[in-house]
*Asks:* 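One structure, as structure tokens, below. Some questions next.
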Amino acid sequence: MESDSDSDSSHISSTPPRNPMPPPPPPPPPRRPTLLSSHKSKIRLKSSSSSSKSQRKLPSEPAEPPPQPSLDDTSLNLPPLSTLPFQIRCSSNLHRPNLIETLPAGYFSKSTFFSKIQRPSLNFEPSESFTCPPVSADRAPPENKPNNFIKKHPNLIGANAPLPPAKLRKCSEGNFVKLNLNHGRRKFVNRKGKKKSSYASSSRGFYRRSKRKSKGEGDVEMESVCDEEGLVTEIGQQKPKKGCELIDEAVLEVQNEASDENLARLLNVMYGYDSFREGQLEAIKMVLDGKSTMLVLPTGAGKSLCYQIPATVFSGVTLVVSPLVALMIDQLKQLPPVIQGGLLCSSQTPQEVSETLRLLQEGGIKVLFVSPERFLNAEFLSILSPIPISLLVVDEAHCISEWSHNFRPSYMRLRASLLCTRLNIGCILAMTATATTTTLNAIMSALEIPSTNLIQNAKLRDNMQLSVSLSGNRTKDLLTLIKSPPFVELQSIIIYCKFQSETDIISRYLCDNNISAKSYHSSITSKDRSRIQELFCSNKIRVVVATVAFGMGLDKRDVGAVIHYSMPESLEEYVQEIGRAGRDGRLSHCHLFFDDTTYFKLRSLMHSEGVDEYAVNKFLCEIFSTDMKHPGKIHAIIKESSSRKFDMKEEVMLTLLTQLELGEVQYIHLLPQLNVTCTLNFYKTSPMLLSDKDNVVSAILKKSETKQGQYVFDIPTVANSIGVTTTELSNHLQNLKLKGEITYDVKDPAYCYSIVEVPRDFCSLSRHLTKWLLEVECFKVQKLDAMFNAAIFAVNDCEKMQGCHGTQHTPCLQRKILDYFKDDGRRDIPNKMGQSSPFLRADIKVFLQGNSQAKFTPRAIARIMHGIASPAYPSATWSRTHFWGRYTQIDFQVVMEAAKVELMNFVGKDAL
Ligand SMILES: Nc1ncnc2c1ncn2[C@@H]1O[C@H](COP(=O)(O)OP(=O)(O)OP(=O)(O)O)[C@@H](O)[C@H]1O
């Protein structure tokens, strides 16, 4: 590694340095006897409601801080919106979804007031000199801080997200999440001291629990204030609901007029922030105006608030589509307590799902987080269709585009046309921190967002100091780095590695060197992952060594450094990951190690999803190898066995299937994924007797094989035979199980679909699909090259740029990143790959001779030469050959061409 300790001034910046060690916790503020005993807050409330709108002042910081409750404090909660003292009527106007029908003229008239509201001093645009506003180190971060509290969310692991001031939290216990949290069973009492409810361990779903009781027609009210024991006396003396009323008032004002002033007031009473950050106000106003919007803001810039505020203003539900369950859970926990949230994901039990859906139907959920896969579920869509959805939020919207660094086939379902027709959604907010121009165009066209509705501030935060070094011994260099200033002084550090094994090795190595570290990757149980995240967030461990699995949704504000032990696969990934640092606005340090070996390894991996036309053709034949006599018949393709058969990753198969559904012609209709093989035992009643009363059991008996007294059957086959959906069949089995009649196990996860139309020309369809997949593969390779080139440029060529020195390369990396996002232009990016090797063909020949019993394609050979496993050629078998990974430095296409020639020679010789 090029030493970075050569320059003591390496971390000099006008951005305030991070405290060497985390600041000691502030002395506990004096506890007020009751909230309403605060004379000042009384006056503030009074004046805010009595002053005229134009003169209204934003509530300022209270003179004395509110009491600091424990993490479990749930004593101050807010009522559901349904109890707000105003009526919200649904608007039929698609473009102004569910806002009050009659809005005053000048609904969005610009208020001169807002120009006076201070902008957050954290500036996302790199200034000429790339400096930050000067703030002293031990002062508050140079950003718009919540004005009067450091309260913790009742259900927050990280406990970083600020909460509304104590006065606001009255009637809600926060958004309860069953996963991740291990609260003990807590008892709640009403104000008279009677036990009211218990939650946490007894709660069954991913939703905030609130007891409601009917109060007139459809009117729903929180039953109790959910005061926690111990705080009863204190709270019992308070006049209830003042905080709720403040929010209610502010919401009402925004509904009457979404002026800058009213929105700023709502921001203040809901979050305690004094002003909006760049892009937030524009986005919120656009959404409130019913305009679908594309929002591109840097990581940690505060995108969530841009849907949370509209969600409180709209009468209907806000649906948030998120790519990861962990991300959904984090976002749910970070909802302000005033917003009732819920979540639907695959890891829930059927009971949890139906409980959440029931709450949704009853209006008990305001913001619902769902995975994109949900949109496959007909039952979900039909439950959702009568529910007024005011806003659909597509979080991490780059996942929609195959040209992004993180394409998710299931996101392809999120097309405006589909969402409009099925769910009557008129307003979409797409959000991302990392989208190139190509990706943005793809998202906006899929979601039909007009180009005028783009709000973009893709600039990097300038409190992140970027450094880079070429390393010959990364492990040693990493330790040196962490032990040198400024890293040695930092409390919280994330180290990103590419491989799970690396994270374990590095964390052990750091621990051996007296640095408290834990590894984090997707193979660690979710319970352990939550625990590690909690330990990190509460500063009990200093370093987390993680794969890409860590970070999305992590809002620990004081991460002082992000170190890339392995180079990221793209500049998007780099930006996303360094975005975890310095979210408190203070100076943070991001170091990137890179080396040729990692680059070659990653470049090989870029080819692990490639497919041949021949394999795609075979796959299509399998998909449509069925009689068309029964339209609507459910078909299934088992993931694992098919993946091996076609030598295609499961994700690639899903991409192809999604294309067959959503491409120009709809060939199939995708159904929810399922474990299709069921093994069943009868318990109470004999199978024959039960089958007399139950036609499902009768069909199972007809379609099963019996093995050692167990009935084994294929779920789609049984469902087809009695004309029910697989979901209906699964529900029926579940009911029988609950009655104690049967027990059963399911296995073999499969993609399910029904055929809409059989393609006329398989050859041209497979050619078209293969070409498209190949383009996607090339694009990924280019992204890696762009990342590598940016690092090389920083180390070799940037000396001329102002501000770069030693390993510090903030200005030149920022420039490279911005240029890349502006113009990813599908142009050829120079790369380091070799274009020939004198021994390549000879080695392939020897390899073929040594493995004459196996069948190969040129792609399979090239993968082995590059050391990449594939479903049909697993590393357990093929890494034993000494040709495994021997040609990682030669361009994959070159190896494939050589393999083609040698394979033809070999087969030709064999044929003779
Ligand atoms: N106007 C504001 N003033 C001060 N802090 C704010 C403001 N808006 C949001 N924040 C805070 O900024 C932090 C980051 O917000 P958020 O998680 O919404 O960012 P994000 O843009 O979604 O980031 P990412 O893309 O990394 O998920 C949160 O702690 C949030 O409370």
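One-based numbering, in listed order, for ligands and for the atoms of each. When reading the values below, keep in mind they use all heavy atoms of this one structure, side chains included, and skip hydrogens, waters and symmetry mates. Worth saying up front: this structure is predicted, and the values here are computed from it rather than measured.
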*Asks:* I need the atoms of ligand 1 closer than 4.0 Å to a non-hydrogen atom of Ser304, numbered in the order shown.
*Replies:*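 So the answer, numbered in order with elements, is 16 (P), 17 (O), 18 (O), 22 (O).
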
*Asks:* Just by modelled atom types, is the Asn463 backbone N or O under 3.5 Å from a matching donor or acceptor in the Arg586 side chain?
*Replies:*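 Checking the backbone N and O of Asn463 against the side chain of Arg586, no donor-acceptor pair under 3.5 Å is found.
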
*Asks:* Mind checking whether Tyr273 has an N or O less than 3.5 Å away from an N or O of ligand 1?
*Replies:*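 Yes, since at least one N or O of Tyr273 sits under 3.5 Å from an N or O of ligand 1.
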
*Asks:* So for ligand 1, is Lys303 a polar contact partner (N or O within less than 3.5 Å, distance only)?
*Replies:*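 Yes.
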
*Asks:* Give the numbers and elements of all ligand 1 atoms closer than 4.0 Å to a heavy atom of Arg557.
*Replies:*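 Per the distance check, 11 (C), 12 (O), 13 (C), 28 (C), 29 (O).
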
*Asks:* Answer yes or no: does an N/O atom from Arg277 fall short of 3.5 Å to an N/O atom of ligand 1?
*Replies:*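 Looking only at distances, the answer is yes, because the N/O contact criterion of under 3.5 Å is met.
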
*Asks:* So for ligand 1, is Ala433 a polar contact partner (N or O within less than 3.5 Å, distance only)?
*Replies:*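 Between Ala433 and ligand 1 (N or O atoms, distance only) the closest approach is not under 3.5 Å.
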
*Asks:* Consider every N or O of Gly300 and every N or O of ligand 1, then say whether any pair is closer than 3.5 Å.
*Replies:*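 So ligand 1 has an N or O lying under 3.5 Å from an N or O of Gly300.
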
*Asks:* For Asn453 and Ser292, which I'm curious about, is there any donor-acceptor pair between the side chains at under 3.5 Å?
*Replies:*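 Distance-only check fails for Asn453 and Ser292.
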
*Asks:* Examine the side chains of Asp395 and Gln331 and answer whether a donor and an acceptor come within less than 3.5 Å of each other.
*Replies:*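 Asp395 vs Gln331: donor-acceptor pair found between side chains.
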
*Asks:* Using distance alone, determine whether Glu396 and ligand 1 share an N or O pair under 3.5 Å.
*Replies:*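 No, there is no polar N/O contact under 3.5 Å.
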
*Asks:* Can you tell me if Ser275 has a non-hydrogen atom under 4.0 Å from ligand 1?
*Replies:*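 The answer is yes, since Ser275 has a heavy atom less than 4.0 Å from ligand 1.
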
*Asks:* Can you find a non-hydrogen atom of Leu305 under 4.0 Å from ligand 1?
*Replies:*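 Judged by the 4.0 Å heavy-atom criterion, Leu305 does count as contacting ligand 1.
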
*Asks:* Could you check whether the rings of Phe369 and Tyr307 sit parallel, tilted or perpendicular, using 30° and 60° as the cut-offs?
*Replies:*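 The arrangement is perpendicular - the two ring planes meet at more than 60°.
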
*Asks:* Pull out every atom of ligand 1 sitting under 4.0 Å from any heavy atom of Pro298, numbered as shown with elements.
*Replies:*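 With Pro298 as reference, the close atoms of ligand 1 come out as 21 (O).
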
*Asks:* Between His589 and Ser467, is any pair of side-chain heavy atoms under 4.5 Å apart?
*Replies:*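 Answer no - side chains too far apart.
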
*Asks:* Please state which part of Arg580 comes within less than 4.0 Å of ligand 1, counting heavy atoms only: side chain, backbone, both or neither.
*Replies:*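 Looking at Arg580 and ligand 1, just side chain atoms fall under 4.0 Å.
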
*Asks:* Please say whether more than 12 non-hydrogen atoms of neighbouring residues, nucleotides or ligands are located less than 6.0 Å from NZ in Lys518.
*Replies:*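 Counting neighbours around NZ of Lys518, 12 or fewer heavy atoms of other residues, nucleotides or ligands fall under 6.0 Å, so no.
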
*Asks:* Side chains of Lys783 and Tyr820 only: does a donor on one sit below 3.5 Å from an acceptor on the other?
*Replies:*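 Their side chains do contain a donor-acceptor pair, which is all the 3.5 Å distance test asks for.
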
